[in-house]
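Accompanying notes for the structure given below.
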Amino acid sequence: MNKKRVFSGIQPTGQIHLGNYLGAVKNWVDSQSEYENIFCVVNSHAITTAQNPVELREKTYQLASMLLACGIDMKKSSLFIQSEIDEHPSLAWILDCNISMGEMNRMTQFKDKSLKNPTNVNVGLFNYPALMAADILLYQADGVPVGEDQKQHLELTRNVAMKFNRDFGECFKIPEPIIPKVGARVMGLDDPNNKMSKSALGTNHAIFLLDTPEEITKKIKKATTDSLNSIVFDKNRAGLYNLLNIYQILTNKSTEAIEKDFEGKGYGLFKSAVAEVIIENLRPIREKYQELSAEKGYIEEILKTGTQKVRPIAKATYDKVKELVGLI
Ligand code: AMP
Ligand code: TRP
């Protein structure tokens, strides 16, 4: 039986948080047996914002260790570093020449990021979705498990692939987004109207996977809620709704069961339960990470094996693209 292939990536730009985990990485781990999996630390994407070279290298290995600690299993999945395969930027260039300025101009993430960082609005940041499209299309992925914020980039990827196939001949698989029903958009704890992000400044904004139980408890206790003291799933009560969603994914309970469990109970008790379930879910990850981060040689070996496994796929696609375009 031929398994479908999934490809996904994550940037080594900061500590990985609960939004990354619930929106993306947990799903990569949970569906590993169902698919043929390729996961990538997208360090070339990371340099669209200013990075200290020494720290970037360090963070790249740390993220790889963290993905393994989360449960990425090398028997089922390949893990590699984007910059190790030259076909990524090479294909991005060819895709660039097939994406209109109009379509690229519509990308909302570029607008958000350039507003947040007005002193470094570079061409790479604008062009970021073409590199992401290249990542995916090189591996002929059937599916791309991501959080909701990547939906628009996926749409661009599909569009450029279809256009290329039409203009030059059948070449790329058209990938489907795989976006979770719950957890696709985890919001900031201090600001439940904005998504949890690595770069937000508030100390109570995000829960990082390496936070201690004390830190987690403190952040959840401080999480923004409202003054209505009933625990019900109501999208209009953004802070509570966010905590309920987090609780729901981590406990796998139904909406009704959760509302029933907390009927007549207040925020104090509910928040303790949320903190507890996060702590228990993150504990094994934190412990495993501590073990793995002491074994850099082992991580390097895994990444090398991953690169060797996926390189032929990237090369085959890129060679075909060049030929179709007339570049040899
Ligand atoms: P990034 O940190 O931007 O490289 O994102 C890595 C993955 O995490 C992508 O699939 C994103 O869609 C996902 N992600 C990032 N932030 C969130 C969030 N707040 N909620 C859900 N998913 C997220
Ligand atoms: N743009 C994604 C993000 O910021 C990261 C990414 C880069 C990615 N290349 C990818 C995700 C390919 C999925 C597939 O989250």
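Atoms within each ligand, like the ligands themselves, are counted from 1 in listed order.
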With no hydrogens and no angle check, do the side chains of Y298 and E291 hold a donor and an acceptor under 3.5 Å apart?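 The criterion, which ignores hydrogens and geometry beyond distance, is not satisfied for E291 and Y298.
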Indicate whether the side chain of D96 and that of N127 have a donor and an acceptor atom separated by less than 3.5 Å.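 A pair is found: one side chain offers a donor N or O, the other an acceptor, under 3.5 Å apart.
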State whether the shortest distance between N or O atoms of [X] and N or O atoms of ligand 2 falls below 3.5 angstrom.
X	result
Q11	yes
D135	yes
Q150	yes
Y128	yes

Tell me the contacting part of [X] for ligand 2: side chain, backbone, both, or neither, using a 4.0 Å heavy-atom threshold, strictly below.
X	answer
I10	neither
V146	side chain
I136	side chain

For M196, take its heavy atoms, then give the atoms of ligand 1 lying under 4.0 Å from any of them.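 Counting atoms of ligand 1 from 1, those under 4.0 Å from M196 are 16 (N), 18 (C), 19 (N).
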Which ligand 1 atoms, with their elements, are less than 4.0 angstrom from a heavy-atom of A24?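 What qualifies from ligand 1 is 7 (C), 8 (O), 10 (O).
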Show the numbers, then the answer: is there a side-chain hydrogen bond (donor to acceptor under 3.5 Å, both in side chains) between S77 and Q32? CA-CA 7 Å; S77 304; Q32 268 179 122; 2.8 Å; yes
Counting only heavy atoms closer than 4.0 Å, does ligand 1 sit against the backbone of [X], its side chain, both, or neither?
X	result
M187	neither
H45	neither
S197	neither
Q11	both

Applying the side-chain contact (heavy atoms from CB on, under 4.5 Å) criterion to L67, which one of I302, L292, L79 satisfies it?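 Among I302, L292, L79, the one that satisfies the side-chain contact (heavy atoms from CB on, under 4.5 Å) with L67 is L79.
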Of I85, D86, I81, which is the lone residue that meets side-chain contact (heavy atoms from CB on, under 4.5 Å) with S83?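 Considering I85, D86, I81, a side-chain contact (heavy atoms from CB on, under 4.5 Å) with S83 is found only for I81.
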Looking only at distances, please establish whether an N/O atom of ligand 1 is found under 3.5 Å from an N/O atom of K195.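 N/O-N/O distance below 3.5 Å does not exist for this pair.
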Any N or O on V146 sitting closer than 3.5 Å to an N or O of ligand 1?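 No; every N/O pair is 3.5 Å or more apart.
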Pair D190 + K222, salt bridge at N-O below 4.0 Å: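 So D190 does not pair with K222 through a salt bridge.
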Between the side chains of R237 and D226, is the shortest nitrogen-to-carboxylate-oxygen separation below 4.0 Å, so that they form an ion pair?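 Salt bridge flag = yes for R237 with D226.
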Does V42 have a heavy atom less than 4.0 Å from any atom of ligand 2?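 Contact present.
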Quick one: do N117 and N120 satisfy side-chain hydrogen bond (donor to acceptor under 3.5 Å, both in side chains)? Show the steps, please. CA-CA 6 Å; N117 199 358; N120 185 18; 5.7 Å; no
